[in-house]
J.: 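The structure follows.
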Amino acid sequence: MDELVSIIMPSYNTAKYIEESIKSVLAQTYTNWELCLADGSGREHSLQPVVGEYIAKDKRIKYCLLDSNEGIAGNTNEALKMADGDFVVLTDHDDLLSPEALYQCAKAVQKEPQTDVIYSDEDKVDMSGKK
């Protein structure tokens, strides 16, 4: 599978977690992705200082500072507007993807090309990153 995967990430006041989330995207073994991050934090709490460093290093990261917080659904919809991918992955600002998450999805689509939707369950981690 060579299709572009758009990773949709709404955010709101998440400076504490966003960097780890971005790092987990950057660590993907499947590399044909784009990260679409819609930030509802407002100008005073913008994630731009953190996200800007990653954007400068990796052009696959798209960022939009929203005029106001639209909640998880609205911020997700704003992130979706940036997406150019053939497939969409929905994540939250405090989610961590395992390094092979996108690869496993691509593998499933390659095996079953008619696939429209893939569901992946989650593991919970505590504040120190332990399961």
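Positions are given from 1, in the same order as the sequence printed here.
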J.: Go through it in stages, so that I can follow the logic: the residues are M9 and I18, the test is side chain to side chain contact (heavy atoms under 4.5 Å, CB included), and I'd like the CA-CA distance, side-chain angles, deciding distance and then a yes or no.
T.: CA-CA 10 Å; M9 188 179 293; I18 197 74; 3.5 Å; yes
J.: Does the pair I72 and D92 meet the rule for a side chain to side chain contact (heavy atoms under 4.5 Å, CB included), with working shown?
T.: CA-CA 9 Å; I72 192 166; D92 287 327; 3.4 Å; yes
J.: Tabulate below the donor-acceptor pairs under 3.5 Å that side-chain atoms of residues 36-50 make, not counting sequence neighbours, or state none.
T.:
{"from": "D39", "atom 1": "OD1", "to": "S41", "atom 2": "N", "distance (Å)": "2.9"}
{"from": "D39", "atom 1": "OD1", "to": "S41", "atom 2": "OG", "distance (Å)": "2.6"}
{"from": "D39", "atom 1": "OD2", "to": "L47", "atom 2": "N", "distance (Å)": "2.8"}
{"from": "D39", "atom 1": "OD2", "to": "Y63", "atom 2": "OH", "distance (Å)": "2.5"}
{"from": "S41", "atom 1": "OG", "to": "N13", "atom 2": "N", "distance (Å)": "2.6"}
{"from": "S46", "atom 1": "OG", "to": "Q48", "atom 2": "N", "distance (Å)": "2.9"}
{"from": "S46", "atom 1": "OG", "to": "Y63", "atom 2": "OH", "distance (Å)": "3.2"}

J.: With hydrophobic residues grouped by side-chain heavy-atom distances under 4.5 Å, do L65 and L35 end up in a single group?
T.: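 Yes, it is one cluster - the side chains of L65 and L35 are joined through contacts under 4.5 Å.
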J.: Considering only heavy atoms from C-beta outward, does the side chain of Q110 approach that of K107 to under 4.5 Å?
T.: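 Of all side-chain heavy-atom pairs linking K107 with Q110, none is under 4.5 Å.
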J.: How many angstroms lie between atom CD of E53 and atom CD of E19, to the nearest 0.5 angstrom?
T.: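 With rounding to 0.5 Å, CD (E53) is 6.5 Å from CD (E19).
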J.: Same hydrophobic cluster for I22 and L66, using side-chain heavy-atom links shorter than 4.5 Å among ILVMFWY?
T.: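 Result: no, two separate clusters.
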J.: Give the minimum heavy-atom separation between Y12 and H93, together with the two atoms involved.
T.: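 Reported closest heavy-atom pair: N-ND1, 3.9 Å.
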J.: Could you walk me through whether K23 and E20 satisfy the side chain to side chain contact (heavy atoms under 4.5 Å, CB included) test, starting with their C-alpha distance in whole Å, then the side-chain angles of each, then the deciding distance to 0.1 Å, before giving a yes or no?
T.: CA-CA 5 Å; K23 286 178 182 178; E20 291 302 314; 3.8 Å; yes
J.: Nearest 0.5 Å, please: how far is CD in E78 from CG in D67?
T.: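 The CD atom of E78 is 9.0 Å from CG of D67, to the nearest 0.5 Å.
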J.: Can Y103 be reached from V89 by stepping across I, L, V, M, F, W or Y side chains whose heavy atoms are under 4.5 Å apart?
T.: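 Yes; tracing contacts between hydrophobic side chains, which count when under 4.5 Å, links both residues.
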J.: Could you measure the distance from the CD atom of E112 to the CD1 atom of I118? Nearest 0.5 Å is fine.
T.: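 The CD atom of E112 sits 10.0 Å away from the CD1 atom of I118.
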J.: Measuring only between side-chain heavy atoms, which start at C-beta, is D84 closer than 4.5 Å to E34?
T.: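 Heavy-atom side-chain distance check passes, below 4.5 Å.
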J.: Kindly work out whether a path of hydrophobic side-chain contacts (I/L/V/M/F/W/Y, heavy atoms less than 4.5 Å apart) joins M82 to W33.
T.: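 No, it is not one cluster - the side chains of M82 and W33 are not joined through contacts under 4.5 Å.
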J.: Please round to the nearest 0.5 Å and tell me the distance separating atom CG of D94 and atom OG of S11.
T.: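 If I round to the nearest 0.5 Å, the distance is 10.5 Å.
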J.: Atom NZ of K62 and atom CD1 of I8: how far apart are they, to the nearest 0.5 Å?
T.: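 Those atoms lie 8.5 Å apart.
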J.: Taking all non-hydrogen atoms of both residues into account, name the closest pair between N75 and P10 and its distance.
T.: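 Closest pair (atom of N75, atom of P10, distance): CB-CB, 3.5 Å.
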J.: Minimum heavy-atom separation for A101 to L97, with atom names?
T.: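 In this case the closest contact between A101 and L97 is CB-CB, 4.2 Å.
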J.: Which atom pair, heavy atoms only, marks the closest approach of S6 to G85?
T.: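 In this case the closest contact between S6 and G85 is OG-N, 2.8 Å.
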J.: Can you tell me how far apart CG (L26) and NZ (K57) are? Round to the nearest 0.5 Å.
T.: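 One gets 9.0 Å once the value is rounded to the nearest 0.5 Å.
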J.: How close do I55 and K59 get, heavy atom to heavy atom, and via which atoms?
T.: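 Scanning both residues, the minimum pair turns out to be O-NZ, 3.7 Å.
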J.: Which heavy atom in T115 sits nearest to a heavy atom in F87, and how many Å separate them?
T.: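 Looks like O-CE2, 4.1 Å.
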